[in-house]
Structure formats: C-alpha cells, structure tokens
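Structure first, commentary second.
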Amino acid sequence: MFEPVRGKPDFPALERSIAAIWRDGGIYRKSLERRRGAKRFVFYEGPPTANGMPHPGHCLTRTIKDLYPRYRTMRGEYCERKAGWDTHGLPVEVEVCKELGIHSKAEIEAYGVEPFIHKCQESVWRYMREWETLTERIGFWIDLSQAYVTYHRRFVESVWWALATLFDQGLLYQGHKIVWWWAQGGTALSSGEVGQGYREVADPSVYVAFPLLDDEGQPTRRSLVAWTTTPWTLPSNQFAAVKADLAYVVLREAGVADAPEYVIAEPLAATLGEKLKMSFDIVDHMPGTALVGRSYAPPFDTFRAAGRPPVAPLAAGGEAPVAWRVVAADFVTTDSGTGIVHVAPAFGEVDYTVLIAEQARFAAGHGPTLVNCVAPDGTFTDAFGMGSGRFVKECDRDITRDIKARGLLVHQEQYVHDYPFCWRADADPLIQYPRQSWFIRTSQFREQMLANNARIDWLPEHIKDGRFGNFLETNVDWALSRERYWGTPLPIWVCDETGKMEALPSYAAILAKPGVAGIDVFERAKAADPSLSDDLRVHKPYIDAVTYDSPFAKNARMRRVPEVIDCWFDSGAMPFAQWGWPHAGDAEFKAQFPADFISEAIDQTRGWFYSQLAISTLLFGCEATPYPHPFKTCIVLGHMLGEDGQKMSKSRRNYREPAEIFDKYGADALRWFFLAGQPPWTSIRYSERAIRESVPEFLLRLWNVYSFFAIYARIDGFDPASLLATPGSLDHADLACAKGWTPVADRGELDRWMLSEVHATAAEMVERLDRYDHFGAAQRLSTLVDAVSNWFVRRSRDRFWAAGRADAGPGGNRDKLDAYWTLYETLLTIARLAAPFVPFVTEAIWQNLAVAAFGASAPESVHLTDYPLGDATLVDADLVRRMALVRDVASLGRAARAAEKLKVRQPLSKVEVILAAASPTDEAWLAAHADLVCDELNVKQFEICREPDRYITRSVLPDLKKLGPRLGKDLPKARDALAKADAAALLAALAADGRATIPLTGGGAAVIEKEDVIVRTTAREGWAAAESPHAVVVVASQLTPELVAEGLVREVVHAIQSQRKTLDLDFTDRITLGFETPSAELRGALERHLAYVTGETLAESAVFAELPGATSESLDLDGHPLTIHVKT
RNA sequence: GCGCGCGUAGCUCAGUUGGUUAGAGCGCCACCCUGAUAAGGUGGAGGUCCCAAGUUCGAAUCUUGGCGCGCGCACCA
C-alpha cells in the first residue's frame, strides 16, 4: 500500500531523506553495476580547484554534468564518473602567501620552500568539505573516492611522460622571448592567464621629444616626437621607428622663429596641434625614408654617454651608429600617437624584433645588445639611479617630471586602455620582460588542432568557428614554464658541464640512472615527519635534490631545471593522467578515451577546452585515434550573472549562497531552474525570485497530482501489488499483466488520450536528449505535467469519487479502476522521464508508488530503471488533436461567457460550435463529447451549428506558402481578388470542382485549387461568441427564469462551501442549514433545488429559519438578500 | 581596433527551412473553480520584434550598415 502523502511538501527535508536512501543503498554504485559491460558513455570531469568556495556557477555545471550521465545510464549505457581536483599553481600559492602575509618570491624563499610546499598541499583541501557537501546536496553523482588529484605522484608522472614525449620530439623548447611577466611573483604567465587579467586602467600618456643630432653629435632644435604609455621604458630606449612610406612634417609654433621644431607623421600633425592648443607652421616635408638612419639623443643617458654616438662595423662593410638611430618598421601606424615609435626592445615583443633585425645588420658580435635597467622583480637597477630599487610603474610620474624639467616633454595626458594584471593577484600589473622560458610548439600544430576542432560537436555551434576557432587561428606557442614552487616540476635535467639536456618520463626512470643521488633528501624528511605525503617526493624542493651522472661528459652531473609548469597543462592532461597512463591504467585509458561528453562554462575556451585539445592533438595525432579527441561533444555554458544582471561578486552581495537556496527551495528547484529556464549557453541570471517562481509551474504541480493520486488510492484501496504479482520494471508491458487491467485500446477515451500524450512525450524527450537539448525536453515534460494536472485529473475527478470499489469484478467499478491504472502508469512514467532532471522528487514518488507498494520486487530506485522510450502503438495522434480541439472549444466557451459577463455558475441553455474547417468526423466526435463540453461550460445543450451564417462570416485567404512560389509577383493581385470575391460562391465552386479561376487586376487570371486557400471564420458582432483559428463558439446568452433560479442556487452553494472552508471543516463533516430571505424568488429557487443544495454541501437538513448557535453570514445575491446559518 | 554573442510585452525569455492574428512564464487587472485547496483555472490589458537600407510577392527571421549591451582577442608602441 502507498504511504500517505503530505499536501504541502517540504522539498529540502525530502531531499535530505532521499540522499540518505541513495547513500545507504549504494544506489549510484548499483546504477553502474547494472550497466557493467554495456556500451560506454564516457564523461570527463573538468577538475575544479578545491581551495576556493563553490559558488552558483559550479551548481550549474554540476547539474548539467549530472543530467547526461544519469540519462545515458538509464538508456542502458555504462558511465563511470570519476571526480577530479585541480590542485597546483598560482591560485594555491597566492592563497598560502595571503595566509602567511607575504607576497614576493624573496619572502617565500626566506620562509623556506619546503614548509611553503607543505602549506600548499594542505591548502588544497581547505574547502573540500564544502565541495563534497555541495556535490551530494545538488545530487551530482560522481565517484569522489576515486578522484584524480593533480599533485598525486601518479598524476605527476603521467604529465612527465607527456612532457618527455614532447621534449623528445623537439616540441618542448627553451626560448629567449619577451614574455608577460608577473614581477612580484617572479614568473612568466601563459597567454591564457594573461587574458584573464585585462582590466581597463588610465595610464600616463606622454609625447617625448627625441632631439636629432648634428654631425658633431650635438642636439639640434629639431626633435622626433615619440609617444608612449609606459614612461618607465624610456630609460631603456634603443631606437625610434618610423614607417618608410609615410609622409612626415616638421612643425614649429606659428610665428615664433626660434621655437622648437617637431617631427611627426603628417596625418597626426593636426591632432597634436589640437592636443597642445597651439597653431603650428609646417616648415618642412619629408618621407619616412629620409629620417631612417638619423641619430637622436635618447631621453635618458642610462646606457649612452653624451656626444658623438658610438659606431660599430656593419656586416656589409662600413660602419654605423649602433643604437639611438631611426629605423624603419612596418608595425608603425597612424592610428594613434605620432607615427614615431619609441623602441625599448626589452619591454615589447615587436621592439625585440627590431633589435634582432638590427643585430643582423652588423658584423657578428658588434651589433646592439639588449639593454635593460629593470630587475626581474620589477624594480629599476642601479643603472637607472633615479629609480633604483623602486617598482617601475611607480616611477612613471618622476620620470615624466624629469623629462619635463629638461624641456623634452611635448605633451602629457591620461590614456584609458586595457592592461593586463596578474589573474591571481589583481593589484600587480604585468610587464613585458625578456626572459628565458620553456615553450610548447603548439603553433606548429595549428592546422591539426583546427582539423580536430572541426570534428567536435560544440553546443552552441558557433563556438566551433567562432570563439574557439578564432582562438586556435591566432595560436601562439604555449609559454609553459613557471619560475614558481607548487606545480608539476619540469622533468628536464641539464648537464652541468655541457648544458645538454634530457627529459625523464617517470620517477623510475630517474632511479634507473647511473650515480643517482639526492633521493635521501625526501627520505630524511619523511623519517622526520612520517605524516609527510609520499606524493611530495616528485615535488620541489625534494625533486631538485635528485641528480645523476651525465651521459654527456665525464664527471659531470645532471641537475633538474628549476621551473615548474603551467597548471593548465595538468588539467589538459587528465584524459590519460587521471589513470596514471602510460605507467598504469592502460585498460581504463583505452576504454575511456575519448570522452563522449564534457561541459564547462565559456571561460574554459582558453582554459581546459584548449589545454585538452592541444595536448591531445600533439600527443595522439589523428592516425591511431581519429579526430575528434579528447572529447566529442561539449556543452559550453553561459556565464552566470547575479540578481542585478551584473557579474556575480562577493563584495556586491548580488547573489544568494547555494546553501541558502537548497535550504529554502531545494536542489530540484535549482536544477529545474537551470535546466528548464533557458538554453544553457545563454547567460543565466541567478535570482532567488526566478528560482522560487520555477517551483509551482513544475515541481509543485507534479507533486499535487501525485498527492491527489495517493490520497484517493489509499481511500479506495487501489493497491497495485495485490493485482500484480511480479512488477518487473513497472513498464507498460509489466503493468498489462495485472489482474483487472483493461487493455488501453478498450479503455475510455480520456485514458487513451492521457497515455497517448505520455508515450508521445517520452519519444520526443528521448529524441531531444539524444541531441543534448535538455531545454527542449524539459519544456515538453512541463507541458505533459500540465496536461495531467489540468485535464486528465480535472476531467477524471468524478471517476475517482464515483461509488463502488475500483475493481474489475462484478459489482466493482471498472472505470474507476482504469482511471487508477492510467494515472498510476502516467506518474510512474513521468517519474522516470523526469529522473535525470529532478532526481530527488522523482525518487520520492518512485519510493512510494513502486517501492512502498511492491517492496523488494520492484526496482529499488527510479535511477535503476530504464528510460521510457515511448510506445508508438499507444500514440493516437488523431485523438490528441481532437482532445486539443475540445479543450479549445471549452476555452472559447469560457471566453464567450466572460465577454458577456456570464459567470460559469450561471447555467445557460445552449452552446453552438462552428468549426473553421468543416470536417464531418470532427463534428461527430465533438458532438459525442457534448456532455463534456456542457459540463465544462455549465450549459444545458450542445450543438454543432446548423446555420453558421447567423453567427459568422467566412473569408477566403491565400495559402501563401503554397501560392507564393507559384504566383510570385502576382501574389498581391491574387490576394486582392480573393478579398473582393464572394466567399460563399468561391467556396461552393471549390467544393464542387476542386478549383476556381479568379480574375487579376490589370488583366489575367489565376487558377486556384482547393488546397491553395485557407478559410478564416470570424464571429459576427452581437453574439456571445469567441473564435480561434479552429473554431467559433457561441453561447446562448438569454436567461429564462428557471436558469436564473439555478444560477442563484449555485451561488448559494458556493457561499455555503466558502463558509465551510472558513469554519475549517473537514470534507466529511456534516452540517445543518438555515436560510432567511425576504425574496420569494430566491426562496422558491431554493425550495425547488433543496436536495441539490444539501447534497453538495453535505447538509443533513435545511430549514427556512434562524438556527440558534449557528455561524451566520448575510449576503446579497443579484439583489436578493440572504442570510445563511451553518451549524456543525 | 578585430572577433563572437545578444537586442522580441513592465520583468525573464521562446520563436523551428522567410508565410497570413509574434508566443510562454512571472507581474498587473477582472473573473471563475473549490472533495489536490495558504493550491488550481479562464480571460484581458500590454509589442515601432533596437534603428536604417536592401533582397523578396512577403522579413522578428536573410544581407549590409549603424546604435546599445555582454564577452573574448591583443603588435594599442
């Protein structure tokens, strides 16, 4: 028997009890066991970092990541869900630094790398409990116990294998480049990391005069005007660049003969005048080529003494000044600035290319060398005394002031632009800086990556060629190394004699080396502190101590390079590293590669989506493993916004904590909001209001139907277990074995309709979910629940309340039994259809309807059943269409009443229906449902209208879709002709011949066939009528005295029912009634219908007198005063 | 600057290969129902489908150009 169901569900409490059932029953494990050996559905978990608190965005990803594995499992596939944690990198180090109150690398070194690493490892698990709680609370089924962890030795060694493989293929190289440098953190960052840190800031923008030199090396009155937004790079100036084919002019303040002269690109001359609010005379013209080769005085003498510029021999013979010369460069534009670019090769990538090009012009070893007065920590060295020891950006103001004092500052303003800051320490601006760094040659694989990408199924589709494709197009080599501490160490050892290198793929490979030493450093640490994790063996500083004999030189040693790697490489390696492959887990890796499905938010395009694709493409190519890999389908989620539509931010407090939502509305409410509220790739506004409002339309409605069923099934003793010995999986076929089961074909129409809707919905949902369209599937499901609640249950109430036992035997009420079976099957099916979406409430329903009813012989959990595919033989499309027509007619009837202010309580004599498209079968069918329509509309008589022309006019419209292609330009004429034509005559002609000819204005004629037109029916004025595209419904608005009397009586019943409710009576409580009214009409009506009144209100008696001790209410019914006394 | 996405009712959003009267939910107003009931239903008001030009017999839908918002990219010296 079913358990009683409370009418007011407490979803959060319910969910906690369901979670306990899953936990205690090991249901997740059983759901896997059930599919062992089946086709695999491969899912990869993109590892979150557990050292930050989970937020609403994670709830969305976890909901989507849960939905599809649950669904595919119910569809019969085997889907392992291995959790993972991202544990390395700057986020962790920065967090630890904050805790220790330190910031710079020097401070970390002072604190000690060893204890620092220990702190990092502990910090990784800081919010583990919150993550685990969230995961269980939102119903995300994933195996946390087998989670991969990027700092684990097994994982690190997999990454080592990948790096060694790339190194051996020459794809991992060390290069001297200008990199984006986090000075405070002392490391370079990858383009992905840099991209995350751009922010709009106002920087100083200065126009600086570079005086041209005369033959003696003395400054002249004429200066180049260069523009920069980084004054701190001026002390390291080496060149000035112009565009060769650009026109330049020399400006002098108008009318001042001895004023300074400025060289500037002609198109920008006017702009400079405006900025300076001065008028200039143009005193000279020249092309860029004329300037090339001229020497100038740099703004600072950091690297150059005053006087004649130093010269050096050229490769081609002769000699030339080494630096502080004008050079030609293509990157010079007139978009902004002056057309003359200050070149500081140390601090800009293009600047650096100028230096390389210049070096090539000079005899080997004589060209310009890179000058740089900035230390790696971002402070000026002693070479630039003015700023020595201070952070460069802080010196901008002093440098500008100094230039101004020396008369070299032409103009100064604020320049607003985007500038990168460190993504984990957002107060630290990045600078471009020359640095030796390790790179992966990803740019060499651009075409392969694009080919791989082309095969991936991206949702939404535009990601493929849009954002992600573009990112691949502009691919640059992956700046892999980090001069940091907590990360996967770069497994490259260098010969301290020859500088030759080799990469090692595993710890075992190190141990196998001759003369290996330094292993003991970790062993000693472990002996001193046995709690030390063995995983740290492969981390700094222990791994740095490990050295071995060089194979390249006698008596030389191999020592590891100091760098660790970008943590994005770790997560990108997870497809194989999660198993420790190739050192372990060969079978697992082969079975679980590539993934069928992954999903993360859009910010992962440059993150995890890219790192996975790049690593996989480089390592596995396309021969052994055809594209796409390592993932086939990827749902890219939109960004989550706060209540105000702005980015979620802790400080702005514009979002509720997930825990708060769970406690108030429950996880299912949140899941349904995410899944059914909008397509997943739109940015979702996470508002409490929206979540709250999503509850009644689906969850509560479903619950109400379920509760309705349980209440009456208990009252009637409908017990499926007593009628069905072996429940099987409670499919339609299983239920059909029940005693007293009526085959669907023999059931009443409403039942056939309901099951038709159920099975059609199932089929549609499967089709949509197979396309990863959960939003569409959810909408379909919502429509179904609405149909059950607002039509099946509504129209079946009488059946459930009818007399007699729900029994197929003699004396039983078979129709009632059918109603129960229909609703039972419907609810069981909906529970399964909705299970991947709202796993808790569906489980609660299943636990009662299946488990409580059948005990151990039924599937233990809804998640251990098969997903309903829909039985096409039970779908009757015609019935569905016609039922929609009845609902339409009922709805129109109510609209017609409303238009005449005739409330439904007032009975009317007749309703007449005119179908837009005359169909004898539909009319017959409607006529057969006269009772239903009369009941819904409270009318006495239903009729298909015999004289439609009284109520309606018809017009004939062209079917544009059919006639458009055929008539083309003549279409408007045809439309006019049809509008003017006599509709009745035209229709008659079409009915008789199947075609008709209409004249076109301006000559000609068109032949119209029956199928080419649409007939529209419009209600005439003056009738209580309402129309839809399918029908016109007219209600008779005339009232007879008897109808009025009945209406009054129903008003009285309504009033009494309201009083019962006010008195908080149970629906079985009996009452006695007393009426007092001076209206003979009302009294007469009541007397005539007294039996009806007492029956409806469960009254044992009714008198026309005051009832002592009764609750009384006086009211006025359409001008008839009445006092009602109710006594319990 | 370049690229991607989005602009539809007061709010949040649907809108299928271009087609006749552009929809839903919430909110609002009115009404109804009441043996699921601190629920439920019906109806109504509310729209220059961001703007403009073009293609077409016909554009919310396709093209181009603007405007606005969000995001991304980075040789902005």
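None of the values given here were measured: they were computed from a predicted structure. We name chains A, B, ... by the order of the sequence lines, and we start the count at 1 in each one.
Within the 4.0 Å cut-off from OP1 or OP2 of B:rA36, at least one side-chain nitrogen or oxygen of A:Tyr712 is found. Within the structure, every side-chain polar atom (N or O) of A:Asn470 is placed at least 4.0 Å from both OP1 and OP2 of B:rG3.
Between B:rG40 and B:rU34, the distance separating the two C1' atoms is 9 Å to the nearest Å. Comparing the P positions of B:rC49 and B:rU8 gives an interatomic distance of 11 Å, to the nearest angstrom.
Each of A:Glu1051 and A:Arg887 lies near RNA chain B, and the nucleotide nearest A:Glu1051 is the one positioned closer to the 5' end. Along RNA chain B, the nucleotide nearest to A:Ile340 and the one nearest to A:His1054 differ in position, and the one closer to the 5' end is contacted by A:His1054.
Using a 4.0 Å heavy-atom criterion, one finds that A:Asn704 contacts the bases of the nucleic acid, with or without backbone contacts as well. Counting any heavy atom pair closer than 4.0 Å across all strands shown, A:Pro679 reaches sugar-phosphate atoms only and no base atom. Using a 4.0 Å heavy-atom distance criterion, A:Ser707 is classed as making no nucleic acid contact. As judged by a 4.0 angstrom heavy-atom cut-off over every strand, A:Asp351 is placed among residues touching the sugar-phosphate backbone only. Using a 4.0 Å heavy-atom distance criterion, A:Thr353 is classed as making no nucleic acid contact. Across all strands, A:Arg894 comes closer than 4.0 Å only to sugar-phosphate atoms, never to a base (heavy-atom distances). Nucleic acid contact class of A:Val343 (heavy atoms, under 4.0 Å, all strands): none.
Every salt bridge (charged side-chain N to carboxylate O under 4.0 Å, His left out) that A:Arg771 has, sequence neighbours left out, goes to A:Glu767.
Counting only distance, with no hydrogens or angles, the side chain of A:Thr228 and the backbone of A:Thr230 share a donor-acceptor pair below 3.5 Å. Judged by distance alone, the side chain of A:Arg714 and the main-chain N or O of A:Phe2 form a donor-acceptor pair under 3.5 Å. Of the possible polar contacts, one joining the A:Tyr820 side chain to the A:Tyr712 backbone as a donor-acceptor pair under 3.5 Å is found.
Among B:rA36, B:rG70, B:rA14, the nucleotide with an atom closest to any side-chain atom of A:Ser789 is B:rA36.
Between the side chain of A:Arg797 and the base of B:rA36, at least one donor-acceptor pair of N or O atoms lies under 3.5 Å.
The distance from atom CG of A:Leu892 to atom C1' of B:rG41 is 15 Å, rounded to the nearest whole Å. Spacing between atom CZ of A:Phe347 and atom P of B:rA77 amounts to 14 Å, rounded to whole angstrom units. Atom CD1 of A:Ile463 is separated from atom P of B:rG70 by 19 Å (rounded to the nearest Å). A:His342 places its NE2 atom 17 Å from the P atom of B:rC75, with the value rounded to the nearest Å. A straight line from CH2 of A:Trp703 to C1' of B:rG40 spans 18 Å, rounded to a whole angstrom.
Ring centers of A:Phe673 and A:Tyr665: at least 6.0 Å apart, outside the cut-off.
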